[in-house]
Structures are given as structure tokens and as C-alpha cells.
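Let me begin by presenting the structure, written as C-alpha cells, before commenting on it.
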Amino acid sequence: MIQLIKGFKDILPGEVEIWQQIEKITVSLLEDFGFKEIRIPIMEHTELFARSIGEDTDIVEKEMYTFRDRSGDLVTLRPEATASICRAYIQHKLFAKEPVQKLFTIGPMFRCEKPQKGRYRQFYQINAEIFGVASPLVDVELIVLLTTLFSRLSVSDIKAHINSLGCPECRPGFKAALTDFLASRTENLCSNCARRKDRNPLRVLDCKVPGCREEMAESPSLMDYLCPECLQDFESVKTNLEALNIPFVVDKRLVRGLDYYNRTTFEIQTGSLGAQNAVAGGGRYDGLVKELGGPDMPATGFAIGFDRLAEIVRLNIPEYVKTPDIFLAVLGKQNQSLVFEWKCALGIKGVKAEMDFSGRSLKSQMKRADKMKAKHVLIVGDNEIKEGSAILRNMVTKEQVSIPINGIVENVVAKL
Ligand code: AMP
């Protein structure tokens with residue numbers, strides 16, 4: 001039998017309803033916060049990701065699904081959405097109409113990582129980006145949006161981790177200090193970090209390998225190197241989060257796996273997921289729009305890991321299935337066409353109706369209705385049709401009433 005590709009997954013009925021519920025609540029909240037949806041393709045020129053995410057990152061070095069298409073162009077299945085949204089913002093000159101743009105998108109991302117619980121090769125993200133605002137208040141707004149969303153989804157075991165990555169003025173000083181710190185510790189680092197430590201020492205800070213984590217416990221902190229503007233900016237983020245009663249921790253190791261971030265960076269972590277504890281991450285990326293050929297435009301955003309969020313929500317609601325409003329139990333195959341007409345008419349009126357096409361006994365049809373958790377059952381056989389009235393049974397109260405077949409659809413709707 002042909003199986004699905006390693007690291008890819010099916011989202012089956014029963015779980016899909018949780019995804020739909022999350023999407024509905026998220027989209028409504030994003031719209032309340034002034035975001036508009038943008039839909040971008042899942043494939044782009046490889047160069048877009050190489051230039052934005054950074055050559056020395058895990059994603060670009062070894063995780064992208066990159067291949068030549070039939071015309072020989074090098075293309076990549078998107079590993080994240082921010083670069084594509086920036087490309088669209090620049091390409092369609094959205095900034096010329098209105099520099100401040102608040103955009104969101106929902107869809108699959110592809111990274112050829114080692115599959116494990118909470119880590120897939122095709123996974124879904126909910127992305128939100130704000131272009132054109134330099135104020136750190138919009139970074140706070142994004143964190144407020146995330147904490148509000150999690151509270152609406154009854155996800156409680158979460159904490160915001162924040163850090164500042166500085167700017168091109170102050171980060172080089174920190175990089176130099178970090179490089180000095182790492183110089184004497186190469187032999188204890190994993191092979192990835194040992195290789196990258198000179199070109200991109202910040203990557204070592206967020207390496208998950210236990211040996212590297214131990215080694216970095218005493219590393220210098222970017223906080224001590226921030227320029228006055230970055231420091232003031234970060235203080236403003238903290239003060240405003242406190243004023244809004246949003247719990248957070250300053251996490252000096254939080255550098256994130258993509259190169260384009262600067263200043264405020266954040267991650268929402270949860271205790272409910274084990275090792276893959278980041279359910280959302282984001283931050284400011286002021287230089288990216290210019291780097292990709294657009295105007296010098298500040299920007300900030302986040303990505304929620306949809307799969308991980310659905311996993312946490314599922315822990316609270318083990319199953320979310322829409323049950324039928326009514327099950328039509330029909331006796332005698334000769335009556336099926338008529339009852340089928342009623343079923344269709346009910347569906348058109350927005351009533352979730354199910355019926356059995358097997359011609360089985362009333363007992364087995366009632367069993368099936370029970371199993372589907374139908375709220376009502378309509379019983380129709382030769383006798384009912386002869387007498388001109390069907391039986392409507394309320395499956396919760398077990399109460400039964402007789403309802404006229406003449407105008408049955410309206411009669412049923414009135415009784416539900
Ligand atoms: P990133 O784009 O790496 O900043 O990731 C943002 C969020 O996407 C993370 O906090 C995770 O929740 C989720 N995520 C990233 N990679 C994966 C993956 N391979 N499988 C499932 N979720 C992921």
C-alpha cells in the first residue's frame with residue numbers, strides 16, 4: 001500500500017473540526033485588530049528565501065525543498081511566509097497606496113527537518129505582519145493579539161518570552177564579544193555550531209543540543225550591548241506589557257532561527273507540548289523590505305504553529321464533531337426517494353440531516369442515530385405515509401410527537 005511521505009500528515013475528520021474552529025476564532029480576532037487576508041503562492045524563487053532567511057541558517061542550509069522546475073528555474077516550497085508577504089508588498093507596491101499594511105495569511109509551510117512529535121515536514125502557520133510602523137507599541141500589540149487568541153481558545157499554560165536582537169549599530173559589538181567567548185569553547189560545541197560560530201555566532205545561542213546549551217549558560221547577553229535607542233525601545237515593550245498585565249520573561253537566548261530579525265523578538269512557549277514548546281514566534285524585521293528591493297520600511301510580525309496549537313486545543317476538547325440535528329429513519333425501500341427529498345430540502349434550509357439508505361430494521365437505524373448523537377429522529381414507514389403523519393422523537397427527552405406529512409419540512413424545522 002502507498003503510504004504518505006515521511007513527516008507529512010493527514011488531518012482527519014474529528015480533528016479537522018478543531019482546526020476549523022481555531023481558524024474561525026483567529027480570523028475574527030485578526031480582523032478585529034485591523035488585519036486583512038493575503039494569499040500567496042506556496043512556491044517562490046529560491047533566491048527569495050536564501051536572501052531573507054539567511055545562508056547560515058538551518059532552514060536555508062539543509063531544510064528547504066528546492067528543485068529545478070521544468071524550465072530549469074531554481075524554486076523552493078516556502079519554508080515560511082514572511083519573505084513571500086514582503087515580496088508581494090513590494091511587487092504590488094502596496095506601500096504606495098498606504099504604507100501601513102496589516103496582513104495575515106494561513107497555510108502550509110515545508111521544511112525537511114527530522115520528523116518528531118510537533119515537528120513535521122509539511123506544517124501549517126498563521127502569519128500576521130505589520131508594515132510601516134516603527135513604534136515598539138505594535139510589537140506589544142502582536143503579543144496582546146496572541147495572548148488574547150490563546151485565552152479565547154482556553155489555552156492557559158503559556159508564557160511570552162521576549163528579547164532584543166539590537167540593530168546594525170549595536171549588534172556587531174555583541175557579535176564580537178560572543179565570538180571571543182566561543183573561541184575557547186569550540187571542542188564542547190556540536191559540529192553545526194563549531195562550523196557556524198565565526199560566521200554566525202548568534203545561531204549557537206538557540207542551539208537545542210544539551211552540550212551547547214550548557215556551554216552557553218554563561219555567554220554574554222545582548223542586553224548589555226544595546227545602543228540607547230534599542231534599549232529605550234525594549235524598555236517600552238516591557239513597560240507596556242506590564243501595564244497590560246501580560247506575563248513575560250526576558251530570555252537572552254531567544255535569537256530565533258532566521259537572520260532577518262532585529263530589535264524586539266518574541267516567542268510564546270507552552271508547558272503542554274514537551275520538547276517542541278514554541279507555539280508562536282515573531283519579532284521585528286526592519287531591514288527586510290529594503291533588502292528585498294523595496295522602500296526602507298519598518299516591519300514586525302509573528303507566525304503561529306497551527307499544528308501545535310491544534311494539538312493543545314485537542315487536549316482540552318478531545319473531540320469536536322458536529323452532530324446531526326435530525327436522523328431520518330425510513331422503513332421500506334419504496335419510501336426512500338420521498339424521504340430523500342425531505343432530507344435535501346432540510347439541508348437547503350440549513351438543518352443538518354442524515355438518513356440511512358440500507359433499508360435496515362428500525363432498531364438498527366435507531367442504533368445508528370444514537371451512535372451519530374442525532375438530536376432528533378423522524379420515523380417514516382408505510383403506515384405513517386398512509387395516515388399522513390410521521391413520528392418525531394427527541395433523542396434527549398425521549399418524547400415523541402406526531403407531525404403532519406403535508407408541509408413536513410416546515411413542520412420539522414418548527415419543532416427542532
Ligand atoms: P518559525 O517560522 O521557525 O519562527 O516558527 C514559528 C512557529 O511555527 C513555531 O513557533 C512553531 O510553532 C511552528 N513550527 C516551526 N517549524 C515547525 C515544524 N517543522 N513543524 C510544526 N510546527 C513548526
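Keep in mind the model is a prediction, meaning the values are calculated, not measured. Counting starts at 1 for both ligands and their atoms, in listed order.
Ligand 1 places these atoms under 4.0 Å from at least one heavy atom of A303: 6 (C), 7 (C). Near A278, with a cut-off below 4.0 Å to any heavy atom, the atoms of ligand 1 are 9 (C), 10 (O), 11 (C), 12 (O). The contact set between ligand 1 and E113, taken as ligand atoms under 4.0 Å from a residue heavy atom, comprises 16 (N), 18 (C), 19 (N). Interface atoms of ligand 1 facing A280, defined by a heavy-atom separation under 4.0 Å, are 10 (O). Counting atoms of ligand 1 from 1 in the listed order, those under 4.0 Å from a heavy atom of G118 are 20 (N), 21 (C), 22 (N).
Ion pairing between a basic and an acidic side chain is recognised when a charged N comes within 4.0 Å of a carboxylate O; E311 and K117 show such pairing. A salt bridge does not link D73 to R68: none of the charged nitrogens lies less than 4.0 Å from a carboxylate oxygen. Salt bridge annotation for R119-E113: present, with a cationic side-chain nitrogen under 4.0 angstrom from a carboxylate oxygen.
If you look at M109 next to ligand 1, there are no close heavy atoms at all, none under 4.0 Å. When non-hydrogen atoms are compared, ligand 1 lies under 4.0 Å from the side chain of R308 (C-beta onward) but not from its backbone.
Between F110 and Y65, the ring planes lie perpendicular to each other; the angle is over 60°, past the 30° to 60° tilted range.
When all heavy atoms of C207 and R253 are compared, the closest pair comes out as O-NH2, 4.5 Å. Nearest heavy-atom pair, P298 versus A134, reported as atom, atom and distance to 0.1 Å: CG-N, 3.7 Å.
The shortest N or O to N or O distance between D307 and ligand 1 is not under 3.5 Å. Checked by distance only, ligand 1 and Q125 come closer than 3.5 Å through their nitrogen or oxygen atoms. For ligand 1, the polar-atom distance check against E80 finds no nitrogen or oxygen pair separated by under 3.5 Å.
Looking at F302, F123, Y124 and measuring to atom 15 (C) of ligand 1, the nearest heavy atom belongs to F123.
Residue V279 places a heavy atom less than 4.0 Å from ligand 1.
Between Y89 and F95, the distance from one ring center to the other falls under 6.0 angstrom.
A search for side-chain contact (heavy atoms from CB on, under 4.5 Å) contacts involving D356 returns F327, S358, R360, Q365, R368, not counting sequence neighbours.
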